[in-house]
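Ligands are counted one by one from 1 in listed order, and the atoms in each one are counted from 1 as well.
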Amino acid sequence: MDLLDILGITEEKVESITILPGYNKLGEKENFETFTINAGEIISIVGPTGSGKSRLLGDIEWGAQADTPTKRTVLVNGKPMDSKKRFSPSSKLVAQLSQNMNFVMDLSVEEFINLHAESRLVENREEIVEKIFNKANELAGEKFKMSTPITSLSGGQSRALMIADTAILSSSPIVLIDEIENAGIDRKKALDLLVGHDKIVLMATHDPILALMGDKRIIIQNGGISKVMEISQDEKDILGELQKLDFVFQDMRNKLRYGEKLELIDM
Ligand SMILES: Nc1ncnc2c1ncn2[C@@H]1O[C@H](COP(=O)(O)OP(=O)(O)OP(=O)(O)O)[C@@H](O)[C@H]1O
Ligand SMILES: [Mg+2]
C-alpha cells in the first residue's frame with residue numbers, strides 16, 4: 001500500500017463527468033437526457049442572477065446523487081462518485097474557486113502557501129511557494145508581500161492568491177470556477193493559468209467574453225438547465241471583436257484607476 005492509498009487518494013483518471021437531469025425550481029424535469037463533459041473541455045454556465053449557476057457547480061463538487069435541491073445526479077467516468085471521494089476533502093477530485101470566500105486564519109501569505117504546499121507533499125517547496133506568490137501578484141492589481149496577513153488581503157487579492165494556489169498546487173482533474181470576473185483581476189490571465197491540459201473546467205459567468213471562451217455553454221433558467229449550446233463560427237468571430245473592445249475598456253479602466261483624465265482621442 002503506498003502513501004496515496006493511505007491518504008485515500010486514488011489515481012483513477014477522470015475521462016468524463018455526466019449530468020443526469022433533475023428538477024428546476026418550478027418542479028419541472030430538466031429538458032435533456034444526459035450531458036457528458038469530456039477531459040479537455042471548457043464549459044461556461046450562463047443565466048440570470050439567482051438562476052442556479054452556483055448550485056450546478058455545487059452539485060458537481062458534491063457528486064450529487066439526487067440528494068441536493070435540484071435532485072440531479074452527477075457521474076464520474078459513468079459511475080457515481082465513490083463515497084470516499086465524495087466526503088473526503090483530501091481526495092482532490094475537484095478544485096473549486098467559489099464566489100464568496102473569506103480567510104479566517106491568522107497566517108501570513110507565506111505561511112498559508114507553505115502549509116498548503118506541505119499538505120500536498122511537494123518536494124521543491126520553497127520554489128513552489130515563490131512561484132505561487134509571484135503569479136498571484138501578477139493577477140492582482142496592488143502588490144502584497146509574503147508577510148501580509150491573509151486576513152488583510154482585499155477581495156481581489158484573496159481571489160488572485162486562491163487562483164494561483166489552485167492552478168499551481170492542485171492536481172485536481174475537475175476545476176470549478178464561480179465568477180472569476182468580479183474580483184477586478186486579469187480574468188484572461190487567470191483562466192489561462194487554471195485551464196490545464198486535459199482538465200474538465202466548468203465556469204459560471206456573467207461575462208460574454210468568458211462565456212464565449214468555453215467549447216460549449218449551459219443555459220440555466222429557474223434553477224434548471226434549459227439548453228446546452230455549442231459556440232458557432234459567428235460567435236468565435238464576435239469573440240474576437242469583443243476582445244478588441246475589452247482592450248479599450250481595460251485601458252480606460254486603468255487610466256481612471258491611476259488618476260488620469262480621459263480625453264476624446266482615447267476613443
Ligand atoms: N433546481 C433548483 N431547485 C431548488 N432550488 C434551487 C434550484 N436551483 C437553484 N436553487 C436555489 O436557488 C438559489 C440561487 O441559486 P444560485 O446561487 O445557484 O444562483 P446563481 O445563478 O449562481 O446566481 P448569481 O449569478 O447571483 O451568482 C440558491 O439558494 C439555490 O440553492
Ligand atoms: Mg452564483
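Within 6.0 Å of CG in Asn31 there are 12 or fewer heavy atoms belonging to other residues, nucleotides or ligands. The environment of OH in Tyr23 is sparse: at most 12 heavy-atom neighbours from other residues, nucleotides or ligands sit within 6.0 Å. Around CD of Glu138, the count of heavy atoms belonging to other residues, nucleotides or ligands within 6.0 Å exceeds 12.
Electrostatic pairing of Asp198 and Lys13 counts as a salt bridge here, judged by a charged N lying under 4.0 Å from a carboxylate O.
In summary, Thr49 places no N/O/S atom under 2.8 Å from the Mg ion (ligand 2), failing the contact criterion.
For ligand 1 and Arg55, the ligand atoms under 4.0 Å from any heavy atom of the residue are 8 (N), 9 (C), 18 (O), 31 (O). Counting atoms of ligand 1 from 1 in the listed order, those under 4.0 Å from a heavy atom of Tyr23 are 1 (N), 2 (C). Close approach of ligand 1 to His206 (heavy-atom distance below 4.0 Å) involves ligand atoms 25 (O). Taking every non-hydrogen atom of Asn24 and a distance limit under 4.0 Å, the qualifying atoms of ligand 1 come out as 1 (N). When each atom of ligand 1 is checked for a heavy atom of Pro48 under 4.0 Å away, the hits are 21 (O). Of all atoms in ligand 1, numbered sequentially from 1 with element shown, those under 4.0 Å from a heavy atom of Glu179 are 24 (P), 25 (O), 27 (O).
A heavy-atom distance below 4.5 Å is found between the side chains of Ile42 and Met203.
The shortest heavy-atom distance from Ser51 to ligand 1 is under 4.0 Å. The shortest heavy-atom distance from Arg72 to ligand 1 is not under 4.0 Å. In this structure, Lys71 has no heavy atom closer than 4.0 Å to ligand 1.
Distance from atom 19 (O) of ligand 1 to its nearest protein heavy atom, with residue and atom name: Gly52 N, 3.2 Å. Protein heavy atom nearest atom 26 (O) of ligand 1, with residue, atom name and distance: Thr49 CG2, 3.0 Å. With respect to atom 11 (C) of ligand 1, the closest heavy atom belonging to the protein is Lys25 CE, 4.0 Å. For atom 27 (O) of ligand 1, the closest non-hydrogen atom on the protein side is Gln99 NE2, 2.9 Å.
Residues Phe249 and Ile238 are members of separate hydrophobic clusters, defined by side-chain heavy-atom contacts under 4.5 angstrom among Ile, Leu, Val, Met, Phe, Trp and Tyr.
Distances from atom 23 (O) of ligand 1 to the heavy atoms of Ser54, Gly58, Gly50, Gly223 show the closest one on Gly50.
There is a protein heavy atom less than 4.0 angstrom from atom 2 (C) of ligand 1.
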